[in-house]
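Note sheet for the following structure.
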Amino acid sequence: MTSKEMQRDFLEKDTALMRDIAAQLGRPLRYHVATFGCQMNAHDSEKLKGILTVCGLEESGEDEADLIIYNTCTVRENADQRVYGRLGYLSGLKKKRPDMKIALCGCMMQEPHVVEKIKKSYPHVDLIFGTHNLYTFPELLYRTFTEDARIVELLDSSNESAEDMPSERNYAFKSGVNIMFGCNNFCTYCIVPYVRGRERSRTPEEIIAEVKTLVSKGVVEVMLLGQNVNSYGKTLEPQVSFAELLQQVADVEGLERVRFMTSHPKDLSDELIEVMKKNKNICRHLHLPVQSGSTSLLKKMNRKYTREKYLELVDKIRAAMPDISLTTDIIVGFPGETDQDFEDTLSLVELCGYDSVFTFEYSKRTGTPAATMPDQVPEAVVKERFARLLETVRRTGEKASGRFEGATMPVLVEEKNREEGLMTGRLEHNIVVHFPGTPDMIGTIVDVKLDSCKGFYYLGHRV
Ligand code: 5AD
Ligand code: SF4
């Protein structure tokens, strides 16, 4: 039996087991999956939910769940702290309901010191598994409900993936699609290469087949996911570039929108810009993390581009697609960041005209080169710089996002707004739009006149 067949076998065993437990309880079993990380992490959660749904479990709030799964992130330390904090709360919950099961997975579990701490200080955790063990979840689920001892399953890497497992999409009309896993870049602040392992790409055939299946089930928008999509295909034989893959995806009949995330500026090709420009269904949005506007800091971060190269790239992209939305990530307080380095970051933000910027205080991650670099920036300085950056980002972001005021544009309707009678959707530029509408519009693309920009979103009306 192949490992895939074995997991399918466990899926059947799980279904029977859950049915038995539910019969004893006189109600279906309930699960709660909490997602702490990025889009890839959220996509993994969808897979967990899919498997649990197939096995007959129902989704619920944390307090009512028979199985709680925390899908963790470790990119910054505060994400770790949130998990520890919530584990404390779960210990109280489990005292009241000793039969409930608690599972932890995701990137944080790929760090040995975290797993040691959980083993020692959080005895109420029943199952720990890593990002490379996702495809064995049916088996782990079975063991969790049939064995008494705590289960810990961690791998450093794996060639198996959980792509063809059932998954439960958060939205019926849009879905993430993994195109590659891992990262080879080793930015000096980043823990990801250590926890997610080396780059591996799925074949174009596999990806296109998945996209076609999604479209046949009513999906109109896919987001291609990878830590650095621009190095897609380098490990494949024969090599396939990301631009080639993107063209193939854009050609899938019936697919209205294609997005992708994340692009590393060091290897965003002219070919990719061409493909974006040529295809109307590739969204006019690029998330292009810059991290810093200072060349000397970029060098210390091992980003492999300079301030000038990044600005040139932005110019090239804007020349090809003048209305494109650009977004970015910026880290404040990287070791050695001087006042001048920080001023360079502020001026770069002014020059790039980002729609939005995700701002992060530098977080020291044990095991990364930056953790032991000299000149760690004092907290008070980081806070002061962070506040100044936020102010710049808010001002420039409002200006950039307002550029479509008065225009009529297609909006993919995503959900009901909290305010009665309003629906919420997105422009292909990833900007949020609220407008009067009805829930039957969800999943369709409608034309909306963008009456007024309220900072980072629009209010409009259907035309
Ligand atoms: N400290 C702060 N921010 C970080 N990021 C990654 N590692 C760290 C760190 N150690 C940010 C980067 C990345 C985003 C996903 O998280 O900006 O692009
Ligand atoms: Fe995503 Fe990185 Fe967080 Fe993992 S550590 S969930 S890959 S952001």
Side-chain angles (χ1 to χ4, degrees), residues 35-44 71-82 106-108 110-111 113-114 131 176 180-196 223 225-231 260-268 285-294 297-298 300-305 307 310 313 326-337 341-342 344-346 348-349 352 354-373 375-379 381-383 385-386 389-390 393 430:
T35 302
F36 286 77
C38 63
Q39 310 259 5
M40 296 187 83
N41 186 252
H43 192 50
D44 287 351
N71 190 8
T72 63
C73 167
T74 190
V75 77
R76 289 170 295 275
E77 184 161 18
N78 52 8
D80 286 19
Q81 294 311 332
R82 271 172 61 212
C107 293
M108 209 176 140
Q110 296 294 136
E111 289 191 276
H113 71 94
V114 169
T131 53
M180 59 190 302
F181 306 94
C183 184
N184 286 356
N185 289 325
F186 291 93
C187 303
T188 53
Y189 49 81
C190 188
I191 193 90
V192 169
Y194 307 93
V195 296
R196 285 259 170 179
M223 162 90 90
L225 297 169
Q227 295 295 345
N228 172 19
V229 294
N230 295 330
S231 48
F260 52 91
M261 195 167 236
T262 292
S263 285
H264 193 306
K266 79 175 162 63
D267 48 13
L268 194 149
H285 171 219
L286 258 180
H287 185 63
L288 201 57
V290 68
Q291 314 298 358
S292 165
S294 148
L297 217 61
L298 287 168
K300 289 183 191 154
M301 290 176 163
N302 193 29
R303 291 291 288 175
K304 304 191 181 83
Y305 54 86
R307 170 192 176 87
Y310 185 91
L313 180 61
L326 292 179
T327 55
T328 201
D329 293 342
I330 290 177
I331 298 176
V332 176
F334 183 84
E337 183 184 70
D341 291 326
F342 179 66
D344 288 350
T345 295
L346 289 182
L348 180 128
V349 170
C352 288
Y354 296 114
D355 276 28
S356 57
V357 179
F358 299 89
T359 49
F360 306 104
E361 289 180 14
Y362 168 71
S363 169
K364 197 197 257 191
R365 307 313 283 133
T366 311
T368 62
T372 49
M373 284 183 184
D375 307 324
Q376 302 275 332
V377 182
E379 202 180 317
V381 177
V382 176
K383 296 261 180 270
R385 288 180 186 164
F386 192 80
L389 176 63
L390 273 191
V393 163
N430 214 33

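Order of listing sets the numbers, starting from 1, for every ligand and every atom in it.
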Measure [X] to ligand 1 on non-hydrogen atoms and call it side chain, backbone, both or neither using the 4.0 Å cut-off.
| X | result |
| --- | --- |
| Gln291 | side chain |
| Phe360 | side chain |
| Val75 | both |

Of all the heavy atoms in Glu361, does at least one lie under 4.0 Å from an atom in ligand 1?
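Yes, that is the case, since the closest heavy atom of the residue is under 4.0 Å from the ligand.
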Sidechain N-carboxylate O distance under 4.0 Å for [X], [Y]:
| X | Y | value |
| --- | --- | --- |
| Asp80 | Lys364 | no |
| Lys383 | Glu361 | yes |
| Lys300 | Glu337 | no |

Checking the N or O distance criterion of under 3.5 Å, is ligand 1 in contact with Tyr362?
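In this structure, Tyr362 places no N or O atom under 3.5 Å from an N or O of ligand 1.
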Within the structure, does Arg76 bring an N/O atom to less than 3.5 angstrom of an N/O atom in ligand 1?
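In this structure, Arg76 places an N or O atom under 3.5 Å from an N or O of ligand 1.
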Only heavy atoms of Ser363, strictly under 4.0 Å: list the atoms of ligand 1 that pass.
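Those atoms are 1 (N), 2 (C), 9 (C), 10 (N).
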Within ligand 1, which atoms have a heavy atom of Arg365 less than 4.0 Å away?
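In order of number, 10 (N).
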Just checking Phe386 against Phe360, ring centres under 6.0 Å apart?
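Phe386 vs Phe360: aromatic centres not under 6.0 Å.
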Sub-4.5 Å side-chain heavy-atom contact between Met180 and Gln227
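Result no, sub-4.5 Å side-chain heavy-atom pair not found.
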Does any non-hydrogen side-chain atom of Leu348 lie less than 4.5 Å from one of Cys352?
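In contact.
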Students often mix this up, so state it plainly: with edges at 30° and 60°, are the rings of Tyr305 and His264 parallel, tilted or perpendicular?
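It falls in the perpendicular class, over 60°.
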Pick whichever of Thr74, Asp329, Ile330, Val290 has a heavy atom sitting closest to atom 13 (C) of ligand 1.
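Considering heavy atoms of Thr74, Asp329, Ile330, Val290, the nearest to atom 13 (C) of ligand 1 sits in Asp329.
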